[in-house]
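These figures come from a predicted structure and were not determined experimentally.
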Amino acid sequence: PMRPGPFDRADLAGVAYEWDDRWRVEAAMFQPKDGEYSRRLTDDAASGSDIGAAGRIWWRPLEELTLQFSVLLAKSDEMARTSKRTDILAGATGRKFAHAVSAGFDWRRGPWRVFGEYQHGWNWNFTRGYDTDTWQVGAARDLGSAWRVGGMVEGLHLGHGDALRTRDD
């Protein structure tokens with residue numbers, strides 16, 4: 001939940017549990033190193049209050065089909081301070097929390113694979129009313145054991161909502 005770009009400077013602890021070869025549950029907590037959210041946007045070090053948690057459930061109701069549902073909650077006191085930020089809409093108000101949910105599927109039969117996912121985020125980029133909807137759908141086919149050919153389409157919608165309000169509203 002931050003502006004686009006690579007993000008790999010984080011400490012993470014996670015667990016996963018699988019049973020009956022049909023269910024899998026994953027959970028993780030993460031903290032960006034050295035105030036990564038704040039430094040990327042303001043060149044200032046953060047107070048270390050950036051932290052997040054995520055979880056996912058995988059379910060295989062059929063041998064060929066896997067469904068997944070995931071949730072994310074990220075917190076950043078520093079990102080909520082809009083007076084320091086230069087990447088958001090004029091007059092937007094910051095939020096300490098960003099949330100997201102997603103649902104997806106992966107269907108495989110023989111050499112074919114069809115997959116897709118939808119995600120909705122609230123207060124994305126830690127900005128009030130800056131909600132997002134993203135989706136992807138794709139298909140692929142194995143050509144022998146060494147090659148796979150496929151394609152994918154994806155879309156993004158940014159719903160600015162309250163992010164367009166001024167601080168005096």
Legend entry - Nearest-0.5 Å distance that lies between atom CD in Gln136 and atom CE in Met152: 5.0 Å
Legend entry - Smallest separation among heavy atoms of Arg22 and Leu62, with atom names: NH1-C, 3.5 Å
Legend entry - Interatomic distance, Ile57 atom CD1 to Gln68 atom CD [nearest 0.5 angstrom]: 10.0 Å
Legend entry - ILVMFWY network linking Val15 to Trp23, side-chain heavy atoms under 4.5 angstrom: no
Inset, instruction - Would you kindly confirm whether Phe115 and Val149 end up in one hydrophobic cluster when ILVMFWY residues are joined by side chain heavy atoms under 4.5 Å apart? - result: no
Legend entry - Taking every non-hydrogen atom, the tightest pair across Ala98 and Asn123: CB-O, 3.5 Å
Legend entry - Minimum heavy-atom distance Thr66-Arg60, with the two atoms named: OG1-CG, 3.2 Å
Inset, instruction - Could you label the plane-to-plane angle of the His99 and Trp122 rings as parallel, tilted or perpendicular, counting under 30° as parallel and over 60° as perpendicular? - result: perpendicular
Legend entry - From CH2 (Trp112) to CH2 (Trp107), nearest 0.5 Å: 9.0 Å
Inset, instruction - Please confirm whether Tyr17 and Trp19 have ring centers closer than 6.0 angstrom. - result: yes
Inset, instruction - Kindly work out whether a path of hydrophobic side-chain contacts (I/L/V/M/F/W/Y, heavy atoms less than 4.5 Å apart) joins Met29 to Leu73. - result: no
Legend entry - Spatial distance of atom CZ (Phe105) from atom CG (Leu67) [nearest 0.5 Å]: 9.0 Å
Legend entry - Positive for side chain to side chain contact (heavy atoms under 4.5 Å, CB included) with His157, one of Thr132, Asp133, Thr134: Asp133
Inset, instruction - Kindly indicate, with the supporting measurements, whether the criterion side chain to side chain contact (heavy atoms under 4.5 Å, CB included) is fulfilled by Glu154 and Leu156. - result: CA-CA 7 Å; Glu154 46 186 27; Leu156 166 68; over 6 Å; no
Inset, instruction - Rounded to the nearest 0.5 Å, what's the gap from CG on Leu72 to CD on Gln119? Could you check? - result: 8.0 Å
Inset, instruction - Salt-bridge test for Arg56 and Glu26: reply yes if a basic N is under 4.0 Å from a carboxylate O, no otherwise. - result: yes
Legend entry - Pairwise side-chain contact, Leu65 with Trp59, heavy-atom cut-off 4.5 Å (strictly under): no
